[in-house]
There are 2 protein chains.
Amino acid sequence: MQKDTLCLGLLSLGPRSGYEIKQMFEGPLSDFYSLSFGTIYPTLNRLQSEKYVSCKQLSQSKKPDKKVYTITKKGKDLMKENLLGDASAYIRSGNFGDQIKSEFFLLLLFAKYLPKETLETVLNERVLFLQQKLQQFKYDGPVPSDLQALRNEKSITFIRGLATTLIESGLNYMEKNRGKLN
Amino acid sequence: MQKDTLCLGLLSLGPRSGYEIKQMFEGPLSDFYSLSFGTIYPTLNRLQSEKYVSCKQLSQSKKPDKKVYTITKKGKDLMKENLLGDASAYIRSGNFGDQIKSEFFLLLLFAKYLPKETLETVLNERVLFLQQKLQQFKYDGPVPSDLQALRNEKSITFIRGLATTLIESGLNYMEKNRGKLN
DNA sequence: ATTATATATATCAAACTGATATAGATACCT
DNA sequence: AGGTATCTATATCAGTTTGATATATATAAT
C-alpha cells in the first residue's frame with residue numbers, strides 16, 4: 001500500500017498532526033506497519049498541496065504549535081479508489097505474505113555461534129517483550145485519542161483477537177521448546 | 001543485523017553464489033528476513049576485496065557460469081565477532097519486536113471501505129497462502145541443497161516448530177472469527 | 001542555571017529495494 | 001530456422017525509505 005493511501009486512511013479516522021500519525025505507528029500499529037518522519041512529513045505536505053487534506057496551525061498551551069491535517073472530500077475519494085486498487089493489486093500479485101525483518105530469528109538461526117548466556121538473555125528479553133505486547137493487546141481501559149481512533153474501527157476487534165492468539169501460542173511454544181536450542 | 005554478518009553467516013553453511021543466496025531468501029527464510037540482489041552482489045564483492053570470502057568462477061553445463069563464494073578464516077572470525085556485537089546491541093536496544101510491513105493487515109484495518117466480495121477474496125487468498133506455507137514448513141522430504149544447508153542447522157527444528165504453531169493458530173483463529181469482519 | 005524530557009516539524013546522507021539491462025542456455029511452437 | 005519464453009546468473013541504478021540529526025518551544029527536575 002502506498003504511503004499516500006495509508007496516511008489518508010489514518011486521517012479518515014480523525015484529524016491528526018504528523019507527530020500524532022507517527023505515534024499511531026509506534027503503538028499497536030507498529031506490529032503491522034510503520035512509516036518514519038522522513039516519509040510522513042513530506043507526504044502530508046504533498047497531500048496538502050494537492051488538496052487531498054487541509055491544514056490548520058494549532059496553538060497549544062504547554063506544547064509547541066502543531067499542524068493538524070483533515071482529510072477532504074477529494075482525499076476520501078482518492079483513498080477509497082486507491083484502497084480498491086491496492087486490494088486488487090494484492091490479489092493479482094500472488095504474494096500474500098508479509099514483509100518481515102526479524103533480528104530475533106536471525107540470532108536464533110546463528111545461535112550456535114553465540115555464548116549460551118547471551119542466547120538465554122536474548123530469549124528471556126523476547127519473552128518479556130511478548131508478554132508486555134500481549135497485555136497491550138488485551139488491555140481495554142482508556143488510551144490516548146490517537147489509539148482510541150484505531151480501536152473504534154470495527155475490524156480492530158478481529159485484529160486484536162488474532163494478535164492475542166498468535167502471541168499466546170508463540171509464548172507457549174517458546175516456553176515449552178526453548179530447551180531444544182541448547 | 002548488518003548485511004555483511006548475514007551474508008557471512010549464510011556462507012558459513014557452505015559455499016554459495018549470489019544467486020543462490022538470493023534463493024535462500026526466497027524460500028522459508030523469506031518469512032524472517034530478505035535482501036535484494038542490489039544489496040547481495042555489492043556486499044559479496046566488498047567482502048571478497050577485504051578477504052572475508054574467496055571466490056571461484058565455476059563453469060556449468062546447461063547453465064551460465066557462476067561465482068561461488070567461500071568464507072575464509074578471517075571471514076568466520078569477523079562473523080562471530082559481529083554476531084556477538086549484534087546480540088549485545090539487540091539486548092541493549094530494548095527493541096525486541098520485528099520490523100513488519102503487512103499489506104494484509106492494512107487492508108483488514110480499512111476493510112469497511114472495501115466491497116464485501118473483495119474482502120472475501122483477500123481473506124480466502126491469505127488462508128490458501130498460509131495453508132501452503134504450513135505444508136512447506138512441515139514438509140520433510142528432499143529439498144535443493146541451499147535449503148538443505150539451512151535445514152541442517154540445529155536451531156531450525158525450533159524455528160520450524162514455532163512457525164508451524166503460529167501459522168496453525170492463525171489459520172484456526174481466522175476460520176473461526178472471519179465473520180466478525182462483516 | 002543547567003540538564004533532561006516531551007512535543008513538534010523538517011531535512012538529508014546513507015542504505016535498500018524494485019526494476020531494468022545484459023547474457024548464456026534450453027525448450028517449445030510454427 | 002526463426003521467434004518467443006523461461007531459467008540461470010551478474011550487475012547497476014533511479015527512486016524510495018530510514019535513521020540520525022537539527023531546530024525550536026515548553027515543562028520538570030537537580
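All of these numbers come straight from a predicted model, not from anything done at the bench. Residue numbers start from 1 in every chain, and the chains themselves are labelled A, B, ... in the order their sequence lines are given, proteins ahead of strands.
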Asks: Rounded to the Å, how far apart are B/E103 CD and C/dG18 P?
Replies: 12 Å
Asks: Roughly, in whole Å, what's the span from CD in A/Q2 to P in D/dG15?
Replies: 17 Å
Asks: Can you name the side chain to side chain donor-acceptor pair (under 3.5 Å) partners of B/S12, sequence neighbours left out?
Replies: A/Y113
Asks: Applying a 4.0 Å non-hydrogen cut-off, can you work out what A/K22 is touching in the nucleic acid: base, sugar-phosphate, or nothing?
Replies: nothing
Asks: Going by heavy atoms in the side chains, are A/K66 and A/Q57 under 4.5 Å from each other?
Replies: no
Asks: Scan B/S34 against the nucleic acid and name what it touches under 4.0 Å (heavy atoms): base, sugar-phosphate only, or nothing.
Replies: sugar-phosphate
Asks: CG of B/L35 versus P of D/dT18: gap in Å, rounded?
Replies: 16 Å
Asks: Can you tell me how far P of C/dA8 sits from CZ of A/R16, to the nearest Å?
Replies: 12 Å
Asks: From CD of B/Q57 over to P of C/dA23, roughly how many Å is that when rounded to an integer?
Replies: 16 Å
Asks: Could you tell me whether the phosphate oxygens of D/dT16, OP1 or OP2, come under 4.0 Å of any side-chain nitrogen or oxygen in A/K3?
Replies: no
Asks: List every contact pair, protein side and nucleotides 8-12 of chain D side both N or O, where the distance is under 3.5 Å.
Replies:
| from | atom 1 | to | atom 2 | distance (Å) |
| --- | --- | --- | --- | --- |
| D/dT8 | OP2 | B/Y19 | OH | 3.3 |
| D/dA9 | OP1 | B/Q60 | OE1 | 3.0 |
| D/dA9 | OP1 | B/Q60 | NE2 | 2.5 |
| D/dT10 | OP1 | B/K67 | N | 2.6 |
| D/dT10 | OP1 | B/K67 | O | 3.4 |
| D/dT10 | OP2 | B/Y19 | N | 3.0 |
| D/dT10 | OP2 | B/Y41 | OH | 3.0 |
| D/dA11 | OP1 | B/K67 | NZ | 2.2 |

Asks: In whole Å, what is the span from the CE atom of B/M1 to the P atom of C/dA15?
Replies: 18 Å
Asks: Could you check whether atom NZ of A/K76 has more than 12 heavy atoms from other residues, nucleotides or ligands sitting under 6.0 Å from it?
Replies: no
Asks: Measure the distance from CD on B/Q99 to P on C/dT17 and round it to the nearest whole Å.
Replies: 10 Å
Asks: Within this structure, what is the CD-to-C1' distance between B/E26 and C/dG18, rounded to whole angstrom?
Replies: 12 Å
Asks: Between A/N124 and A/E120, do the side chains contain an N or O donor and an N or O acceptor separated by less than 3.5 Å?
Replies: no
Asks: So do the side chains of B/D31 and A/I100 get within less than 4.5 Å of each other, counting heavy atoms only?
Replies: no
Asks: Would you mind reporting whether A/M24 and A/L150 have side-chain heavy atoms less than 4.5 Å apart?
Replies: yes
Asks: Scan residues 156-172 of chain B for pairs that pass salt bridge (charged side-chain N to carboxylate O under 4.0 Å, His left out), counting only residues two or more places apart or in two chains.
Replies: B/K138-B/E168, B/D140-B/R160
